[in-house]
Asks: 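Got a structure for you, written out below as structure tokens; questions coming shortly.
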Amino acid sequence: MLRIYNIIPGTPVYENSIMDNIFTLIDSVKFNNWIEVNEDIYNCNLFKRHQEFYVLYLDPAGIVKKLFLTQCTEIINFMKEHINYAHCEGIDIAICPAQFNNAVICNHDGQVFLLYPDI
């Protein structure tokens, strides 16, 4: 049986403190301050400034959590292949640079959000 998290590109990371940092960042930004960008994400400076990203998969039930270290081009290609806002298709992932100063959040409905904690 193919698990969706098995198709996320990158190297698995087994470090709970990194997951904690990502959740802390997500929790620090109120949902009404999340910036919905959808297809415009590919023009975002975040992907131009960083070469590596942590990618956290969280299933909709919140049970399975998987963390990967992924190259920028790999995660962009993955997103283009598996996230489609027009068809409401996506995957529940958070994409975050090592500085944990902002993030891209994708959901299973194909929505993509930018998070900046200082907004």
Asks: Among all residues two or more places apart in sequence or in another chain, which pass the side-chain hydrogen bond (donor to acceptor under 3.5 Å, both in side chains) test with N84?
Replies: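 Per chain and number, N84 pairs via side-chain hydrogen bond (donor to acceptor under 3.5 Å, both in side chains) with H87.
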Asks: Taking the side chain as C-beta and beyond, is there a heavy-atom pair between I7 and H82 under 4.5 Å?
Replies: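 Side chain of I7 against side chain of H82, heavy atoms only: contact under 4.5 Å found.
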Asks: Please identify each residue that fulfils side-chain hydrogen bond (donor to acceptor under 3.5 Å, both in side chains) with E52, with sequence neighbours left out.
Replies: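 Only Q71 meet the side-chain hydrogen bond (donor to acceptor under 3.5 Å, both in side chains) criterion with E52.
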Asks: With sequence neighbours excluded, what pairs up with S17 under the side-chain hydrogen bond (donor to acceptor under 3.5 Å, both in side chains) test?
Replies: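 side-chain hydrogen bond (donor to acceptor under 3.5 Å, both in side chains) list for S17, sorted by chain: E15.
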Asks: Are any side-chain N or O atoms of W34 and backbone N or O atoms of L114, one a donor and one an acceptor, separated by less than 3.5 Å?
Replies: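 Not a single qualifying donor-acceptor pair exists.
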Asks: Within the 4.5 Å heavy-atom criterion, are L69 and Y54 side-chain neighbours or not?
Replies: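 When only atoms from C-beta onward are counted, Y54 and L69 do touch, with a gap below 4.5 Å.
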Asks: Using a 3.5 Å distance criterion without hydrogens, assess whether the side chain of T70 forms a donor-acceptor pair with backbone atoms of P9.
Replies: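 Present.
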Asks: According to side chain to side chain contact (heavy atoms under 4.5 Å, CB included), who are the partners of L58, at least two apart in sequence or on a separate chain?
Replies: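 By the side chain to side chain contact (heavy atoms under 4.5 Å, CB included) rule, L58 matches F23, K65.
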Asks: Which residues pass the side chain to side chain contact (heavy atoms under 4.5 Å, CB included) test with D109, sequence neighbours left out?
Replies: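 Result, side chain to side chain contact (heavy atoms under 4.5 Å, CB included) vs D109: N107, Q111.
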Asks: Sequence neighbours left out, what passes side chain to side chain contact (heavy atoms under 4.5 Å, CB included) with H108? Give chain and number order.
Replies: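 Counting only residues at least two positions away or on another chain, H108 forms a side chain to side chain contact (heavy atoms under 4.5 Å, CB included) with P60, D92.
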Asks: Drop me the distance from L25's CG to N101's CG, to the nearest 0.5 angstrom.
Replies: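 Rounded to the nearest 0.5 Å, the CG-CG separation comes to 8.0 Å.
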Asks: So which atom in I93 and which in Y57 form the shortest heavy-atom distance, rounded to 0.1 Å?
Replies: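 Residues I93 and Y57, closest heavy atoms: CG2-CA, 4.1 Å.
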Asks: Enter the distance from L115:CG to I35:CD1 here, rounded to the nearest 0.5 Å.
Replies: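 Answer for the CG-CD1 pair, L115 versus I35, is 8.0 Å.
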Asks: Please list, chain by chain and in numerical order, all residues satisfying side-chain hydrogen bond (donor to acceptor under 3.5 Å, both in side chains) with N38, sequence neighbours excluded.
Replies: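 Result, side-chain hydrogen bond (donor to acceptor under 3.5 Å, both in side chains) vs N38: E36.
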Asks: For C106 versus I95, what's the shortest heavy-atom pair and its separation?
Replies: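 Shortest heavy-atom separation between C106 and I95 comes out as SG-CD1, 4.3 Å.
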Asks: Do V112 and I105 have side chains that get closer than 4.5 Å, going by heavy atoms?
Replies: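 V112 does not reach I105 side chain to side chain.
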Asks: Could you work out, with ring-ring contact (aromatic ring centres under 6.0 Å, His included) as the rule, every residue matching F53, not counting sequence neighbours?
Replies: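 F53 satisfies ring-ring contact (aromatic ring centres under 6.0 Å, His included) with F47, H50 only.
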Asks: Name all residues meeting the side chain to side chain contact (heavy atoms under 4.5 Å, CB included) criterion together with K30; count only those two or more places apart in sequence or in a different chain, and write none if there are none.
Replies: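 K30 satisfies side chain to side chain contact (heavy atoms under 4.5 Å, CB included) with N32, N33 once adjacent residues are dropped.
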Asks: Residues two or more places apart in sequence or in another chain: which of them pass ring-ring contact (aromatic ring centres under 6.0 Å, His included) with Y14?
Replies: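 With sequence neighbours excluded, Y14 shows a ring-ring contact (aromatic ring centres under 6.0 Å, His included) to no residue whatsoever.
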Asks: Once you round to the nearest 0.5 Å, how far does CD1 of I26 lie from CZ of F31?
Replies: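 Answer rounded to 0.5 Å: 12.0 Å.
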Asks: Any non-hydrogen side-chain atom of F68 less than 4.5 Å from a side-chain atom of V13?
Replies: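 Heavy-atom side-chain distance check fails, nothing below 4.5 Å.
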Asks: Between atom CZ of R49 and atom CD of Q99, what is the distance when rounded to the nearest 0.5 Å?
Replies: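 Reported value, rounded in 0.5 Å steps: 9.5 Å.
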Asks: Can you tell me how far the CG atom of N21 sits from the SG atom of C96, to the nearest 0.5 Å?
Replies: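 Nearest 0.5 Å value for the CG-SG distance: 8.0 Å.
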Asks: Looking at CD1 of I22 and CZ of F100, how far apart are the two atoms once the value is rounded to the nearest 0.5 Å?
Replies: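 Answer rounded to 0.5 Å: 5.5 Å.
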Asks: Would you call N102 and P97 a side-chain contact if the rule is heavy atoms closer than 4.5 Å?
Replies: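 N102 reaches P97 side chain to side chain.
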Asks: Shared ILVMFWY cluster between Y85 and F78, side chains joined below 4.5 angstrom?
Replies: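 Y85 does not cluster with F78.
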Asks: Could you walk me through whether L67 and V55 satisfy the side-chain contact (heavy atoms from CB on, under 4.5 Å) test, starting with their C-alpha distance in whole Å, then the side-chain angles of each, then the deciding distance to 0.1 Å, before giving a yes or no?
Replies: CA-CA 6 Å; L67 183 65; V55 179; over 6 Å; no
Asks: Could you check if a side-chain atom of I8 sits within less than 4.5 angstrom of a side-chain atom of K66, using non-hydrogen atoms only?
Replies: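 They are not in contact (no side-chain heavy atoms under 4.5 Å apart), so the answer is no.
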